[in-house]
*Asks:* 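Following this message is one structure expressed as structure tokens.
Reckoned from all heavy atoms, side chains included, excluding hydrogens, waters and symmetry mates. What you are looking at is a predicted structure, and each value in this text was computed from that prediction instead of being measured.
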Amino acid sequence: MATAAQMWPMIHSERASLADTLDGLNSDQWASPSLCAGWSVQLTAAHVLAGAEQTGFGFMKGLASSAFRFNVMMDKDAHRLGALEQRVIVDRLRARTTTTNHPPAPIAAMLAEVVVHSADIRQPLGLPNGSSMDAVVASLNMFKAASFPVAGKKHVEGLRLVATDADWSHGTGPEVTGPALSLLLAMTGRSSGIDALGGAGVGELRTRIA
């Protein structure tokens with residue numbers, strides 16, 4: 001399990017990689033749907049920026065102003081920052097490739113957020129994965145036990161997950177095998193991750209995230 005000291009360099013690297021991806025997109029790509037239901041690439045990028053700029057105080061203030069409804073706060077922040085010019089979103093994300101501010105959440109959640117949302121942006125655009133395997137594996141280890149805000153633990157409970165491109169496995173039960181990133185996407189409720197997976201447990205996993 002990666003330590004916080006090991007995770008911050010990975011977080012910064014993943015943010016820089018996503019900024020590079022965003023910097024190469026045209027207007028049509030920015031407006032395209034991401035894997036996040038109801039969010040375009042631009043709104044998903046804005047959501048990543050919101051997390052990167054968040055502080056403990058800002059998080060609690062935003063949560064209170066959203067009547068303590070976490071998803072409402074996330075959507076408000078995404079639309080607020082999503083109204084920025086695309087160039088500004090990229091530049092402000094690049095400015096968060098050295099900082100260590102964060103909301104009241106595990107550091108691992110900050111890494112997992114940028115890894116998953118980078119895939120949410122790249123995959124529907126047909127772009128290659130830009131995340132390091134170390135970052136993907138650390139994200140798998142975070143979400144396998146998570147119940148909020150994504151029910152990763154519930155999705156994979158009673159199944160054995162085995163990555164075919166990394167030294168990672170988890171759980172017992174009917175087996176689900178495939179690339180680590182596809183396992184991560186499925187674990188976090190993205191049905192697109194299922195298509196690259198195999199094994200006796202795939203049907204059950206598909207039902208759980210449907």
Side-chain angles (χ1 to χ4, degrees), residues 1-22 34-37 39 41 44-45 47-52 54 70 74 78 93 96-97 99-125 127-157 159-171 176-197 201 205 208-209:
M1 181 74 71
T3 66
Q6 293 169 323
M7 285 183 192
W8 276 115
M10 285 194 281
I11 292 168
H12 295 151
S13 178
E14 293 299 314
R15 289 175 182 170
S17 178
L18 178 57
D20 288 344
T21 293
L22 295 171
S34 73
L35 295 184
C36 295
W39 280 3
V41 165
T44 304
H47 171 70
V48 175
L49 175 60
Q54 189 60 274
F70 179 82
M74 294 296 101
L93 185 58
R96 293 296 165 177
T97 56
T99 56
T100 57
N101 56 288
H102 60 91
I107 303 304
M110 301 298 294
L111 174 61
E113 176 178 68
V114 67
V115 170
V116 171
H117 289 314
S118 292
D120 286 336
I121 288 169
R122 292 174 177 134
Q123 191 173 96
L125 294 177
L127 300 176
N129 169 42
S131 292
S132 74
M133 186 58 72
D134 286 345
V136 173
V137 168
S139 300
L140 282 165
N141 285 329
M142 199 286 293
F143 277 121
K144 72 183 183 183
S147 298
F148 179 84
V150 177
K153 180 179 179 180
K154 183 178 180 180
H155 289 154
V156 303
E157 195 168 19
L159 299 173
R160 176 165 175 75
L161 275 59
V162 180
T164 54
D165 56 353
D167 183 17
W168 184 89
S169 62
H170 168 70
V176 179
T177 64
L181 184 61
S182 295
L183 291 171
L184 179 62
L185 290 174
M187 185 185 290
T188 55
R190 276 77 172 165
S191 59
S192 63
I194 293 286
D195 295 338
L197 302 180
L205 182 57
R208 292 179 185 183
I209 68 174

*Asks:* What distance separates Met142 CE from Met187 CE, expressed to the nearest 0.5 Å?
*Replies:* 9.5 Å

*Asks:* I need the minimum non-hydrogen distance between Gly193 and Ser182, along with the two atoms involved.
*Replies:* O-CB, 3.5 Å

*Asks:* Going from CD1 on Ile107 to CD on Gln6, what distance comes out if it is rounded to the nearest 0.5 angstrom?
*Replies:* 13.0 Å

*Asks:* Indicate yes or no for a side-chain donor-acceptor contact from Asn129 to the backbone of Leu181 under 3.5 Å, with no hydrogens or angles considered.
*Replies:* no

*Asks:* Taking only residues two or more places apart in sequence, or in another chain, which ones meet Arg96 in a salt bridge (charged side-chain N to carboxylate O under 4.0 Å, His left out)?
*Replies:* none

*Asks:* When you compare the side chain of Val136 with that of Trp168, does any pair of heavy atoms fall below 4.5 Å?
*Replies:* no

*Asks:* Output, in order, the C-alpha distance, side-chain angles, deciding distance and verdict of side-chain contact (heavy atoms from CB on, under 4.5 Å) for His47 and Met74.
*Replies:* CA-CA 7 Å; His47 171 70; Met74 294 296 101; 3.5 Å; yes

*Asks:* Using the salt bridge (charged side-chain N to carboxylate O under 4.0 Å, His left out) criterion, which residues pair with Asp134? Sequence neighbours excluded.
*Replies:* none

*Asks:* For the residue pair Ser131 and Arg122, establish whether any side-chain heavy-atom pair is separated by less than 4.5 Å.
*Replies:* yes

*Asks:* Using 30° and 60° as the class limits, which term best fits the ring planes of Trp8 and His102: parallel, tilted or perpendicular?
*Replies:* tilted

*Asks:* Any chance you could measure His117, atom NE2, to Trp39, atom CH2, to the nearest 0.5 Å?
*Replies:* 6.5 Å

*Asks:* To the nearest 0.5 angstrom, please state how far the CG atom of Leu197 sits from the CG atom of Leu183.
*Replies:* 5.0 Å

*Asks:* Are the side chains of Arg190 and Cys36 in touch, meaning some heavy atoms are under 4.5 Å apart?
*Replies:* yes

*Asks:* Decide side-chain contact (heavy atoms from CB on, under 4.5 Å) for Phe143 and Val116; before the verdict, give the C-alpha distance in whole Å, the side-chain angles of both, and the deciding distance to 0.1 Å.
*Replies:* CA-CA 11 Å; Phe143 277 121; Val116 171; 3.8 Å; yes

*Asks:* List for me each residue that meets side chain to side chain contact (heavy atoms under 4.5 Å, CB included) alongside Ala135, sequence neighbours excluded, and say none if there are none.
*Replies:* Met10, Glu14, Leu111, Val115, Ser132

*Asks:* Between Thr99 (side chain only) and Asn101 (backbone N and O only), is there a donor and an acceptor less than 3.5 Å apart?
*Replies:* no

*Asks:* Under the rule for side-chain hydrogen bond (donor to acceptor under 3.5 Å, both in side chains), what residues qualify as partners of Ser13, not counting sequence neighbours?
*Replies:* none

*Asks:* Is there a donor-acceptor pair under 3.5 Å between the side chain of Thr188 and the backbone N or O of Leu184?
*Replies:* yes

*Asks:* Measure across Ala166 and Val137 and return the closest heavy-atom pair with its distance rounded to 0.1 Å.
*Replies:* CB-CG2, 4.1 Å

*Asks:* Looking only at non-hydrogen atoms, find the nearest pair between Ile194 and Ala186 and report the distance.
*Replies:* CD1-CB, 4.0 Å

*Asks:* Report the distance from atom NZ of Lys154 to atom CD1 of Ile209, rounding to the nearest 0.5 Å.
*Replies:* 13.0 Å

*Asks:* Suppose we screen for side-chain hydrogen bond (donor to acceptor under 3.5 Å, both in side chains). Which residues come up paired with Gln123, at least two apart in sequence or across chains?
*Replies:* Ser192

*Asks:* To the nearest 0.5 Å, how far apart are CG in Leu49 and CD in Gln54?
*Replies:* 10.5 Å

*Asks:* So, for His155 and Arg208, which heavy atoms are closest and what is the spacing to 0.1 Å?
*Replies:* O-NH1, 3.0 Å

*Asks:* Any side-chain heavy atom of His170 within less than 4.5 Å of one from Asn141?
*Replies:* no

*Asks:* What pairs with Arg160 under side-chain hydrogen bond (donor to acceptor under 3.5 Å, both in side chains), at least two apart in sequence or on another chain?
*Replies:* Ser169

*Asks:* Restricting to non-hydrogen atoms, name the atom on Ala45 and the atom on Ile121 that form the minimum distance, rounded to 0.1 Å.
*Replies:* N-CD1, 3.9 Å

*Asks:* List the atom of Ala119, the atom of Pro124, and the distance in Å for their closest heavy-atom pair.
*Replies:* O-CD, 3.8 Å

*Asks:* Among Thr97, Thr44, Val114, find the residue that satisfies the side-chain contact (heavy atoms from CB on, under 4.5 Å) test when tested with Leu18.
*Replies:* Val114

*Asks:* Under the criterion side-chain contact (heavy atoms from CB on, under 4.5 Å), I'd like the reasoning laid out for Arg15 against Met110: C-alpha separation, chi angles, the key distance, then a yes or no.
*Replies:* CA-CA 10 Å; Arg15 289 175 182 170; Met110 301 298 294; 3.6 Å; yes

